[in-house]
Amino acid sequence: MSTTIEVNKESVEVLLGSGKTKPFVIPEYQRPYAWTDEQVETLFEDLWEFTVTSGGTERDGSYFLGSVVAYENEDGEQEIIDGQQRITSLFLLLRAIYTKLVATPESERTAEAKNFIKKIEPAIWRTNKLTGTVDYKNILLTSCVINNDGNEILRSILETGKTDENAKDNYSKNYRSFQELFDKHSTENPLMVYQFIYALLNQAILLPITADTQDTALTIFSTLNDRGLPLSDADIFKAKIYNQLEVNEKKDFIERWKELDEQAAEAGESIQQLFYYNMFYFRALEQDTKTTTPGVRKYYAANKFERLYKTGLLDLLFVILNLWKVVNKGEEIEHEAWSKNTKIRKSLDILSSYPNEFWKYPVVIYYVCYRNEEGFEVKFDLFLNKLIMELMTKYLLIPTINAVKPDILKLNSAIIASDTPKFDFKDIDTSQLEMRIQNPNRNVVRMLLKTLAYEQQDTLLPERWEIEHIFPKKWQTNYFPDVSDEIIKEKIEHIGNKLPFEKKLNIVAGNGYFGRKKKEYAASEITITKKMGTSDIIEWGMDSIMKRDIRISDSIMAVLSKWNDNYLNASNNEEEPSEEDLARIEEFKKKGWI
């Protein structure tokens, strides 16, 4: 089937006036109106400056306002895909001007005022083609965005020209701003008022791009660099899903999407990111272990967006969100005992300090697959500890972003088949591991300190803590007269010289030497730091750092070994999926997920 695209260059008067035959509609899936005072002022002042310098007369000259992407929906409306913020602002500006013009009694109106009143009316409302009678309730722009109050406020302003002086919504604030700007300039330069209105209607140019289908319009939008607030991939996904639903399903979908959006924001995530996490889950179901990660829009767009239309997709996103409510905000999820399990939460906290996001994908997949299975808490804890061990070991020895990417993708697929998946990570030389723990890459220090701290306390670390250098980074040059600066700088960054320390206490401790900082350490609620403050140690130097290096590396090595052994014992060296695992895979197939 061929695609039809119509592109025109039209004035504000002509484009808005086209609404009398094909009204403008801002669909449910669009974002709420969000232009700021600054954007409103910029639009007005730019148009006024254009009028003064080169516009306002019939000579050549134009001011380009940007493009508008739309398509004609089944109701014969111009459904706006891109440009809704600008179109809405133009309607509000014209209504503000119209309100000012009609405020003058009809008998006192100038010929210019009467002319522009007649010009503006058919750009805002439907007018009778024979009599010219204006139907002020039949507005050429309707907003159906998920914000019923806002939609009604816009309709009321365009119908009546009035707004509550105390209203804080963007429609009301921006309408009042347009009124104030117009009043101000009318008073300061009354001779330019009508030239300004003429320039706005006739010389302010828009580029409407009209497509024959929503798919085409979305494709056009995705290639444009819009000056307004662009749609995200998630907005486009919402549009695609929405238009596949039955009429009786649409309202519920919009309400659930809004709820998901709000909850995601509260959890420090976004719907866009949830789709991204889910992409790795779907890829695992499909046994896709390619190391090239597709763009999220490209991935879901494949095969005519079939992945977007899978049954229960929105439910799945809510499930994934629950995980991040625990990880990011420490929430406890109702009916999910694992979310109250301190051991699991400590493991997730350690993983959250891993230098990149690869850890997130197997955690998401494991949680989605097995959260309702018997014994989940125990197995999830073992799995997380094994994951920490593998990731930390690899990063200590090969501190690059992509070192574990192929291994993670294989692990993702293995999780689908078993709740004790095989970690088929590349073999590495661990002979240097102790040395790398003692002098680690700076990106893995927080992960090491958390691992060390959690072996000694049952509670989570405070939310705001910093890496404390026991021997200060700023030292007096005569403190170690026989040691070179290079050696001191190197030793200061060893793990033996570092502690997790509450930020407020760290500020008090400052760059003091050990004897002066001990009382702040003693006040810490972090066990390993408190022990340092209550120890018998009087001074802290290079020998102290080296001795603590060895103790810490021995401790970390023991923890990692313990986690690895516990996981291997639990898995019983299973090489093939159990009958339950195979049944689960068949269930996924029936649901259309594989």
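In what follows, residues are counted from 1 in the order of the sequence shown.
Looking at heavy atoms from C-beta onward, N412 lies out of side-chain contact with Y281 at the 4.5 angstrom threshold. Side-chain contact between D419 and Y366 is present, with heavy atoms from C-beta onward closer than 4.5 Å. Two residues are said to be in side-chain contact when any heavy atoms from C-beta on lie closer than 4.5 Å; L409 and Y361 fail this criterion. Side-chain contact between E455 and K562: present, with at least one pair of heavy atoms (C-beta onward) separated by less than 4.5 Å. At a threshold of 4.5 Å between non-hydrogen side-chain atoms, the residues F383 and P421 count as touching. Contact annotation: the side chain of E468 never approaches that of K503 to less than 4.5 Å [non-hydrogen atoms, C-beta and beyond]. Two residues are said to be in side-chain contact when any heavy atoms from C-beta on lie closer than 4.5 Å; W35 and K173 fail this criterion. Side-chain contact between L396 and M392 is present, with at least one heavy-atom pair separated by less than 4.5 Å.
Shown here for L448 and I556, the closest heavy-atom pair between the two residues is O-CD1, 3.8 Å. Pairing each heavy atom of G510 with each of K517, the nearest pair is O-CD, 4.0 Å. The minimum heavy-atom distance between Q30 and V145, with the atom names listed, is O-CG1, 3.3 Å. Of all non-hydrogen atoms in G150 and Y171, the two that sit nearest each other are O-CE1, 3.2 Å. Nearest heavy-atom pair across I528 and L499 is O-CD2, 4.1 Å. Closest non-hydrogen pair, G496 versus I552, comes out as CA-CD1, 4.0 Å.
A donor-acceptor pair under 3.5 Å is absent between the side-chain atoms of R297 and the main chain of F237, judged by distance alone. In this structure a side-chain-to-backbone donor-acceptor pair under 3.5 Å is missing from N497 to I545. In this structure, R283 contributes its side chain and K290 its backbone to a donor-acceptor pair below 3.5 Å. Checking side-chain atoms of Q84 against main-chain N and O of R31 turns up a donor-acceptor pair under 3.5 Å. Although no hydrogens or angles enter the test, the distance criterion places a donor-acceptor pair under 3.5 Å between the side chain of S347 and the main chain of K343. The closest donor-acceptor contact from the side chain of R516 to the backbone of Y513 lies at 3.5 Å or more, if one exists at all. Formation of a donor-acceptor pair under 3.5 Å by the T42 side chain with backbone atoms of E38 is found in this model. Not one N or O on the side chain of E331 forms a donor-acceptor pair closer than 3.5 Å with the backbone of K325.
Here I408 contributes atom CD1 and N402 contributes atom CG; the two are 11.5 Å apart, rounded to the nearest 0.5 Å. Here the CD1 atom belonging to I437 is positioned 12.5 Å from the CD1 atom belonging to I550, to the nearest 0.5 angstrom. From K450, atom NZ reaches atom CD1 of I526 across 11.0 Å, with rounding to the nearest 0.5 Å. Once rounded to the nearest 0.5 Å, the distance linking CH2 of W563 with CD1 of I388 reads 4.5 Å.
Cation-pi contact between K310 and F282: present, with separation from the ring centre below 6.0 Å and deviation from the ring axis of at most 45°. With W324 as the aromatic partner, K360 meets the cation-pi criteria of under 6.0 angstrom to the ring centre and within 45 degrees of the ring axis. Remark: R446 is positioned above the aromatic ring of W465, its terminal NZ or CZ atom under 6.0 angstrom from the ring centre and at most 45 degrees off the axis. Remark: K405 fails to qualify as a cation-pi partner of F358 under the 6.0 Å distance and 45° angle criteria applied to the six-membered ring.
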Under the side-chain contact (heavy atoms from CB on, under 4.5 Å) rule, what do M279 and T293 come out as? Steps first, then yes or no, please.
CA-CA 10 Å; M279 177 179 72; T293 302; 3.9 Å; yes
Note to self: Test side-chain hydrogen bond (donor to acceptor under 3.5 Å, both in side chains) on E269 and N328; report intermediate values, then the result.
What the structure shows: CA-CA 9 Å; E269 297 289 337; N328 297 343; 2.8 Å; yes
Query raised in the report: Can you list the steps and then say if D381 with W338 is a side-chain hydrogen bond (donor to acceptor under 3.5 Å, both in side chains)?
Result: CA-CA 9 Å; D381 181 52; W338 73 270; over 6 Å; no
Discussion item. Could you go through Y276 and D233, starting from their C-alpha distance and side-chain angles, then the distance that decides it, and tell me whether this counts as side-chain hydrogen bond (donor to acceptor under 3.5 Å, both in side chains)?
Written reply: CA-CA 10 Å; Y276 191 71; D233 291 341; over 6 Å; no
Worked verdict on S524 versus E502 for side-chain hydrogen bond (donor to acceptor under 3.5 Å, both in side chains): CA-CA 7 Å; S524 175; E502 292 92 337; 2.8 Å; yes
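Side-chain contact, D549 with H494: a donor N or O sits under 3.5 Å from an acceptor N or O. Counting only N and O atoms by type, the side chains of E259 and Q263 include a donor and acceptor under 3.5 Å apart. In this structure, a donor-acceptor pair under 3.5 Å is absent between the side chains of Q85 and Y33. For the 3.5 Å distance criterion, the side chains of K379 and T420 fail to qualify, holding no donor opposite an acceptor. Defined by atom type and a distance below 3.5 Å, a donor-acceptor pair is missing between the side-chain atoms of S561 and N564. In this structure, a donor-acceptor pair under 3.5 Å is present between the side chains of S431 and D429. In the model, N278 has a side-chain atom that pairs as donor or acceptor with a side-chain atom of Y300 under 3.5 Å.
Checked for salt-bridge contact, K504 and E466 miss the test: no charged N lies under 4.0 Å from a carboxylate O.
Counting heavy atoms of neighbouring residues, nucleotides and ligands inside a 6.0 Å radius, atom CE of M546 does not exceed 12 of them. Taking a 6.0 Å sphere around NZ of K547, one finds it holds 12 or fewer heavy atoms contributed by other residues, nucleotides or ligands. Within 6.0 Å of CG in D458 there are 12 or fewer heavy atoms belonging to other residues, nucleotides or ligands. Counting non-hydrogen atoms of neighbouring residues, nucleotides and ligands closer than 6.0 angstrom, the CD atom of E525 reaches no more than 12 such neighbours.
Between F275 and W257, the two ring planes are tilted [angle within 30° to 60°].
Checked against E390 for a side chain to side chain contact (heavy atoms under 4.5 Å, CB included), the options Y395, F425, Y567 give a single hit: F425.
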